[in-house]
Amino acid sequence: MNMKRILWLLSFCLFIGGGSLWSQQALEEVILRHMGRCETQSLPTILPLPNKQGYFISANDSTWVSYPDEVTYTMKKEDLLKERSRDFSIFFHYQNTLYLTHGGGGVVYSFDGSELKREDESFYHQNQFGALPFEHEGSFYLFGGSGLFSRKNFITRYDHQAREWLLQKTSGQKPSFGKHMAGMVVDNGFYVLAEHVQEEEQRSQDLSQQEQRNFSIYHLNFITWEWKLRGTVPKDIVQDLLDFKYDTFAADTNLMYLNGPSGFFALDFVSNQITKYDNDYPLLKNIKILSLDDDGIDYMYCDSSQFVRTGYLSMTELSKNRVYTKELYRANLNVYYNTLLQVIGVLFFITVVLILINELKFENRLVIRVKSGLVMYRSRTIKVLDPVERTILLSLAEEGVLSFSALEDIVSLKDDSQAVRIKKRDRALRILNEKIATIFNHQSDERDDYLKIETGLEDKRSRSLGLNPNYFKIM
């Protein structure tokens, strides 16, 4: 093992266990060495590596530096085109790999700790700047954003196999186009805090724009992919949340943290609570949260001398600055009535289903449900039929009649001779009749023509098959 590797391991051990002071100083030195000072108070793009292994820092237009081992990685010019490394501000963690996505959507890079490479076959979308990224079951998603002179409220999903971004279909009441948005995944859903954007005509009519600004809470269910409006944020809290920063961080404790001009906030969507803390300097500046856990917050900011600085705030210190804990949102009348209508709709549906089941229980015929492809008898699905027999019955239910040649096509192979086709047809009909007789518990002398054979009017030689309505009901 060479000396550089030994030094890197020692540094990494210090980074993990030596306390925040050493890691902050070391990180500041790495940023200053590779990037220099802040440019017009802007912070570098710095992304956390998976499993708290360090950071990935945008050094210049095309390079990145890993921390703490301080190795430089370069993006290809043909991939970057006119973009820069710092523009890859969206990140995801998957299978111990960091995925970097362009801020406007599209191009995706991956970094596994030793190699930085292009992953996608997409292009620079330039259509979802400011989008909310989230991950679910290994897939990456972007919600909303703006670009091409309009705001968006759709979701795009990165498909690892297609190596492309696809539209994710959703239903329900989608969030309005958000001027300021923040969101996080909790359990099996995605919560969004969105500030509504007023139309120009409405804005010009308002005497006070600030009084008209409002936020709402939405929830996206990952099982049904349905949006629901949970409620609106009270006006007194709206005044505190105005102009919060886009940089947010969701902790493992299901809390989302926002920092803004009026305070530092912890949002609990599940418990419907918001806690406000005073944010003295340097938290009051344009900070970027680097990491957050139950113990405290590591953050980064640009000081008055345009040097990148890092800081640490323990949860104990933060709790001393607590201002209030309040209800985050209140369900409005629309939500109440929509919920009531949904409950009524569910009750009505259950009533219809019960009536249908009750009717089927007393139905003495085989019921063929065309849309669902089921064959039932007295509300029970018939499982004795094989796929070919089920196809014959469904075809008869849909078409009304089935020619013998069409029937032979269902039961035969392409290279079967005509003699073999006829044998397979007769055998299929014989077995199907036997099974139907068994379902009705008919003895041999009680059997009827369950399947009617009809002769063509013009050509007496042509024959077709139909269902006997005495034994079949089509739904």
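Below 30°, between 30° and 60°, or above 60°: for Tyr94 and Phe140 the angle between ring planes is above 60°, a perpendicular geometry. Between Phe111 and Phe56, the ring planes lie parallel to each other; the angle is under 30°, not in the 30° to 60° tilted range. Between Phe134 and Phe190, the ring-plane angle classifies as parallel under the 30° and 60° cut-offs.
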side-chain hydrogen bond (donor to acceptor under 3.5 Å, both in side chains) evaluation trace for Glu226 with Ser171
CA-CA 5 Å; Glu226 180 183 10; Ser171 62; 5.0 Å; no
Decide side-chain hydrogen bond (donor to acceptor under 3.5 Å, both in side chains) for Asn127 and Lys152; before the verdict, give the C-alpha distance in whole Å, the side-chain angles of both, and the deciding distance to 0.1 Å.
CA-CA 8 Å; Asn127 199 33; Lys152 313 298 187 299; 2.9 Å; yes
When you look at Glu119 and His160, which way does the side-chain hydrogen bond (donor to acceptor under 3.5 Å, both in side chains) test go after all the steps?
CA-CA 9 Å; Glu119 285 289 338; His160 289 277; over 6 Å; no
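By the 4.5 Å heavy-atom criterion applied to side chains, Ile274 and Leu241 are counted as neighbours. Residues Trp64 and Phe88 meet the side-chain proximity criterion, which asks for heavy atoms closer than 4.5 Å.
At a threshold of 4.0 Å, the pair Arg37-Asp303 does not count as salt-bridged, since none of the basic side-chain nitrogens sits closer than that to a carboxylate oxygen. Look at Lys117 and Asp112 and you find no salt bridge, because none of the NZ, NE, NH1 or NH2 atoms lies under 4.0 Å from a carboxylate O.
Distance alone, capped at 3.5 Å, is enough to place a donor-acceptor pair between the Glu135 side chain and the Gly138 backbone. Formation of a donor-acceptor pair under 3.5 Å by the Glu317 side chain with backbone atoms of Ser314 is found in this model. Remark: side-chain polar atoms of Thr63 are not paired, donor with acceptor, to backbone N or O of Ala59 under 3.5 angstrom. Using modelled atom types, no side-chain atom of Asn51 and backbone atom of Gln53 make a donor-acceptor pair closer than 3.5 Å. Without hydrogens or angle criteria, Asn214 side chain to Val233 main chain gives no donor-acceptor distance under 3.5 Å. Under a 3.5 Å cut-off, the side chain of Ser146 and the backbone N or O of Arg151 do not form any donor-acceptor pair. Between the side chain of Asp79 and the backbone N or O of Lys76, no donor-acceptor pair lies under 3.5 Å. In terms of modelled atom types and a separation under 3.5 Å, the side chain of His102 and the main chain of His125 share no donor-acceptor contact. Side chain of Glu389 to main chain of Asp386: a donor-acceptor pair is present (N/O by atom type, distance under 3.5 Å, no hydrogens or angles). In this structure, Arg390 contributes its side chain and Leu385 its backbone to a donor-acceptor pair below 3.5 Å.
Side chain to side chain, Thr275 and Thr325 meet the donor-acceptor criterion of an N or O pair below 3.5 Å. Between the side chains of Asp120 and Tyr109, no donor-acceptor pair is found at a separation under 3.5 Å.
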